[in-house]
Amino acid sequence: MTVRIRVIPCLDVADGRVVKGVNFVDLKDAGDPVEQARAYDEAGADELCFLDISATHEGRGTLLDIVRRTAEVCFMPVTVGGGVASVEDARALLLAGADKVAVNSAAVKWPEVVAEIAEKFGSQCIVASVDARRVVPTTGEKAPKWEIFTHGGRRPTGIDAVEHAVRMAELGAGELLVTSMDGDGTKAGYDLELTRTIADAVSIPVIASGGVGTLAHLVDGVREGHASAVLAASIFHFGEHSISDAHKALRDAGLPARGL
Amino acid sequence: MANRVALIDYGAGNLHSVHNALNAVGADVKVTADPEIVRKADRIVLPGVGSFKACAHGLEGVPGMVDALTERAEMGGAPFLGICVGMQLLASRGLEHGATPGLGWIPGEVRLIIPSDPAIKVPHMGWNDVAIMPHARGHPVVEEGEAYFLHSYHFAAEDPHHIAAMTDHGEGLVASVVRGNILGVQFHPEKSQAYGLETLARFLEWNP
């Protein structure tokens with residue numbers, strides 16, 4: 001077989017606590033990100049993603065401690081994103097035990113931060129987030145268009161999402177986390193056209209994100225979206241589907257996945 | 001038998017992850033940049049992420065370290081495990097960011113993965129097979145399984161007998177090299193859940 005499609009559960013963390021986290025197992029402290037990470041490690045997740053959505057500086061401070069404690073008990077790759085704006089931010093997270101850092105808004109304002117982090121720590125540890133929304137094409141244009149949005153999908157930037165994605169890859173990102181802000185939370189499936197357009201335009205792996213409601217959506221993300229990895233949150237957190245279910249769905253569709 | 005593991009600290013990024021994983025399998029680990037500790041160690045682990053050049057320079061930048069490693073592992077026979085770039089450093093040279101000499105313990109060159117099929121993505125990132133070469137079947141440390149890989153450069157070994165295991169990413173890539181007591185794995189045992197921890201546990205028991 002070849003490299004497996006990665007199934008990546010994503011945990012949103014705010015002020016050191018998980019927001020809308022796992023409840024598929026009995027946890028002593030369901031809000032503790034470390035306990036939740038451990039549950040996913042035991043369930044055979046291929047990687048884990050922590051996304052820090054703390055509103056305050058103090059809240060962010062707790063993230064390093066979470067990463068450190070997670071790295072002591074989890075033996076899978078962990079990506080940490082949210083608020084990474086500099087080489088120093090990346091260094092602190094990597095030293096705490098993150099394997100990769102995801103950069104989003106900072107790379108929109110100042111794309112060179114991606115090149116700086118890649119140069120210091122290697123491309124393998126930098127994930128560039130591409131948070132995009134579909135925009136109405138100019139009259140006469142047939143091809144769909146997407147624009148980069150920041151601030152949780154609320155603020156438009158005028159930057160073309162596909163061009164931005166290609167730029168991130170050129171600057172040395174090791175992979176792209178492509179999130180459809182239109183799809184996020186809808187359970188209607190990934191924006192497959194967006195995922196595919198970007199995946200076909202770059203030579204690095206793409207993680208599909210935003211909108212997963214069923215296992216079939218994961219399969220579509222790979223088959224139609226050409227993604228190398230599929231990220232989801234709620235379908236795993238609420239016990240609708242296990243990581244093994246996701247692996248099996250991919251394998252049943254003829255795609256390489258773990259668990260054989 | 002004393003089983004002191006020296007985990008070499010030379011600024012490589014995955015030091016703590018490797019340390020955590022070795023602790024989890026009960027190793028007596030000393031994280032060290034001290035050549036004297038390396039000379040007294042029973043086993044040596046060399047981690048490494050980032051570029052070959054940065055890691056090679058980092059290792060050379062620790063005074064006396066390359067000599068101590070050579071004395072204790074290459075000549076002295078202590079079981080040695082190189083992980084990811086720590087494995088690649090065993091090669092004669094690496095080509096990442098310009099040609100840089102490696103330790104040269106296992107002849108070969110570390111080259112960029114250049115896939116013929118554009119659908120094959122680089123870095124090679126994710127879980128993939130560790131497929132044991134016929135001549136290495138029954139190796140006490142490296143076993144068949146699935147492990148986590150993350151690399152853009154691969155170890156092109158000159159002598160096929162030094163290849164313990166392969167993986168497939170559009171083409172065959174070396175997953176593990178071995179020569180006597182010198183072992184290298186391209187994958188990350190510290191990130192490969194049960195398979196990885198079991199590999200590290202077997203390394204602790206290894207008497208080559």
Side-chain angles (χ1 to χ4, degrees), chain A residues 1-8 41-47 67-78 90-91 94-100 118-125 127 169 172-176 199-207 226-229 247 256-260, chain B residues 11-21 23-25 48-55 84-85 96-97 113-115 117-129 131 145-153 167-171 173 188-198 200:
Chain A
M1 232 194 300
T2 181
V3 69
R4 317 296 192 257
I5 302 300
R6 287 169 286 147
V7 175
I8 310 175
D41 192 32
E42 275 160 23
D46 298 318
E47 281 185 24
V67 172
R68 200 172 292 117
R69 290 191 293 125
T70 301
E72 277 170 19
V73 294
C74 288
F75 303 101
M76 65 179 157
V78 176
R91 186 197 307 275
L94 295 169
L95 279 178
D99 297 285
K100 311 179 202 177
E119 200 168 297
K120 281 269 190 304
F121 310 110
S123 288
Q124 84 291 334
C125 77
V127 181
E175 67 180 328
L176 299 174
D200 289 353
V202 297
S203 63
I204 57 176
V206 162
I207 307 168
H226 299 178
S228 302
H247 283 147
R258 277 171 83 205
L260 268 184
Chain B
N14 61 339
L15 184 73
H16 298 291
S17 299
V18 175
H19 192 191
N20 285 331
N23 280 340
V25 294
V49 293
S51 81
F52 185 99
K53 189 174 198 168
C55 286
C84 194
V85 183
E96 189 170 7
H97 300 158
I113 302 169
I114 304 171
D117 175 356
I120 300 286
K121 301 293 189 175
V122 177
H124 172 218
M125 184 185 289
W127 294 76
N128 207 337
D129 295 304
E146 287 174 314
Y148 189 86
F149 290 81
L150 179 44
H151 61 122
S152 298
Y153 285 73
T167 194
D168 176 19
H169 188 57
E171 59 177 316
L173 299 176
H188 288 275
E190 77 282 12
K191 293 289 157 188
S192 297
Q193 293 170 343
Y195 173 82
L197 295 179
E198 284 157 16
L200 292 174

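Below, chains carry the letters A, B, ... as their sequence lines are ordered, and counting in each starts from 1.
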Is [Y] close to [X] at the side-chain level, that is, under 4.5 Å between some pair of heavy atoms?
X      : Y      : result
B:M125 : A:R6   : yes
A:K100 : B:L150 : yes
B:Q193 : A:D46  : no

Of the backbone (N, CA, C, O) and the side chain (C-beta and beyond), which part of A:S228 lies under 4.5 Å from a heavy atom of chain B, both, or neither? side chain

Heavy-atom distance under 4.5 Å to chain B: side chain of A:A98, backbone, both or neither? neither

Given salt bridge (Lys or Arg N to Asp or Glu O under 4.0 Å), test B:D129 with A:R4 step by step and report yes or no. CA-CA 9 Å; B:D129 295 304; A:R4 317 296 192 257; 2.6 Å; yes

Which one of [options] has the most heavy-atom pairs closer than 4.5 Å to chain B?
options                      : answer
A:G174, A:S123, A:G97, A:C74 : A:G174
A:R68, A:E42, A:E47          : A:E47
A:P205, A:A118, A:G122       : A:P205

Rounded to the nearest 0.5 Å, what separates atom [atom1] in [X] from atom [atom2] in [Y]?
X      : Y      : atom1 : atom2 : answer
B:L15  : A:L94  : CG    : CG    : 13.0 Å
B:S17  : A:M76  : OG    : CE    : 12.0 Å
B:Y195 : A:R258 : OH    : CZ    : 12.0 Å
A:Q124 : B:Y153 : CD    : OH    : 12.0 Å
B:T167 : A:M1   : OG1   : CE    : 10.5 Å

Donor-acceptor contact present, side-chain B:K121 to main-chain A:V202, <3.5 Å: yes

Kindly give the heavy-atom pair with the smallest separation between B:P123 and A:I204, and that separation in Å. CD-CG2, 4.1 Å

Looking only at heavy atoms, the pair that brings A:F75 and B:A21 closest together is CE2-CA, 3.5 Å

Check each atom of B:S51 against the heavy atoms of chain A and say whether the ones under 4.5 Å are side chain, backbone, both or neither. neither

Between B:H151 and chain A, which part of the residue has a heavy atom less than 4.5 Å away: side chain, backbone, both or neither? neither

Within a radius of less than 6.0 Å around CD of A:E72, do more than 12 heavy atoms belonging to other residues, nucleotides or ligands occur? yes

